2 protein chains.
Amino acid sequence: MEIKPTESELEILQVLWEKKACTVRDVHEELAQNKDAGYTTTLKLMQIMLEKGLVERDATNRTHIYKPLISIEHTRQNMLNKMIDTVFNGSASQLVMQVLSNKTSSKEELDMIKNYLEKLENNT
Amino acid sequence: MEIKPTESELEILQVLWEKKACTVRDVHEELAQNKDAGYTTTLKLMQIMLEKGLVERDATNRTHIYKPLISIEHTRQNMLNKMIDTVFNGSASQLVMQVLSNKTSSKEELDMIKNYLEKLENNT
DNA sequence: TCAAATGTACGAATGTTTTCGTAAATGCAA
DNA sequence: TTGCATTTACGAAAACATTCGTACATTTGA
């Protein structure tokens, strides 16, 4: 699967991932909180996403219901891999340390990560 | 600073970060290894980057010398923050764990990260 | 010296993404 | 019923990014 969502498409996917199934209006209203673009803009984008296979829809009723066709995990991983390749010289650990250095994480978060690391090491 | 480099601009920045100072030809030759686009394309892009303030140049001599004006760390952090905000619900640790789960890192890398984490915890 | 090579400048073509206007169909409520 | 609101479809404009052709200046070396 080599479809990279555009920035606007990602915004729409956020909403779909969160709400599982949406009408165009649902998505539009959600987006309208942070951004202003017309209703038909959102509609058009979602139609394009349908063509690209990023979403599917139930067109049984007049008001269509859209659902995401790509998973959030998959998309996250794709984006991370691309970023590691292009901006972090292929080093995942460099990326991790950069995240940890600037985002002031809580002790709980750090501990969670540490536990996770230990689990990883034991499993190999 | 709210200038987000485009994809092509990032490719050029990679080269500049690596080599510190470059002519257009330097950059072009480097890029030409993986991609094919004409010399004037690279030139034009670098001129645009100059206008945007992404790079500076010494135009004393006929062959101009370009240098990056934004640091690699800053750019990395910007990209990560944006990604955390938009795709990881604002949770840096979620991002970290996703990276660790899929990129099979070596034990050395994992240890490096663990040490780094401990240093972080001791400093707070 | 002077032609070829190398360099910059820059407008314009091309490609992609985003935005919107308008038309047509359907549902809804007075 | 009838007219107003909501919805889809779709073409085309606008905005943004990339690519390239061409003109012109400078350097180089035969």
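By convention in this document, chain letters (A, B, ...) are assigned in the order of the sequence lines, proteins followed by strands, and residues within each chain are numbered from 1. Computed from a predicted structure; not experimentally measured.
Counting heavy atoms from C-beta outward, A/V15 and A/C22 have side chains that approach closer than 4.5 Å.
Between B/T23 and B/I65 the shortest heavy-atom distance is CG2-CD1, 3.8 Å.
In this structure, B/L31 places its CG atom 12 Å from P of D/dT18, rounding to the nearest Å. What separates CE of A/M49 from P of C/dT17 is a distance of 13 Å, to the nearest Å. Remark: P of C/dT8 and CG of B/N61 are 11 Å apart, rounded to the nearest angstrom. Taking atom NE2 of A/H28 as the reference point, atom P of D/dT6 lies 12 Å away to the nearest angstrom. Protein atom CG of A/L45 is 14 Å distant from nucleotide atom C1' of D/dA9, rounded to whole Å. Going from atom CG of A/L43 over to atom P of C/dA25 covers 17 Å, rounded to whole Å. The separation between A/Y66 atom OH and D/dT7 atom C1' is 10 Å, rounded to whole Å. Here C/dA9 presents its C1' atom at 12 Å from CD1 of B/I48, a figure rounded to the nearest Å.
Comparing A/R62 and A/K35, the nucleotide of DNA chain C nearest to each residue sits closer to the 5' end for A/K35. Between A/D36 and B/T40, the residue anchored nearer the 5' end of DNA chain C, judged by the nucleotide with its closest heavy atom, is B/T40. Take the nearest nucleotide of DNA chain D for A/I65 and for B/E9: the residue whose nucleotide is more 5' is A/I65.
Side-chain atoms of B/T6 lie closest to D/dT18 of the nucleotides D/dT18, D/dT8, C/dT19. Comparing atom distances between the B/H64 side chain and each of D/dT18, C/dT8, D/dC10 picks out C/dT8 as nearest. Distances from the side chain of B/K44 to the nucleotides D/dC10, C/dG11, D/dA17 place C/dG11 closest. Distances were taken from every side-chain heavy atom of B/T41 (C-beta onward) to each of C/dT18, C/dA9, D/dT19; the shortest belongs to D/dT19.
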Run the side-chain contact (heavy atoms from CB on, under 4.5 Å) check on A/F88 and A/M97 step by step: do they pass?
CA-CA 11 Å; A/F88 285 90; A/M97 290 192 291; over 6 Å; no

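A sub-4.0 Å separation between OP1 or OP2 of D/dT8 and a side-chain N or O of A/Y39 is present. Residue B/R57 places at least one side-chain N or O closer than 4.0 Å to OP1 or OP2 of C/dA9.
For B/R25 against C/dT6, no side-chain N or O and base N or O form a donor-acceptor pair under 3.5 Å.
Side-chain atoms of A/E51 never come within 3.5 Å of backbone atoms of A/I48 as a donor-acceptor pair (strictly under, hydrogens ignored).
In summary, the side chains of B/N61 and B/T63 do not present any donor paired with an acceptor at a separation below 3.5 Å, with no hydrogens or angles considered.
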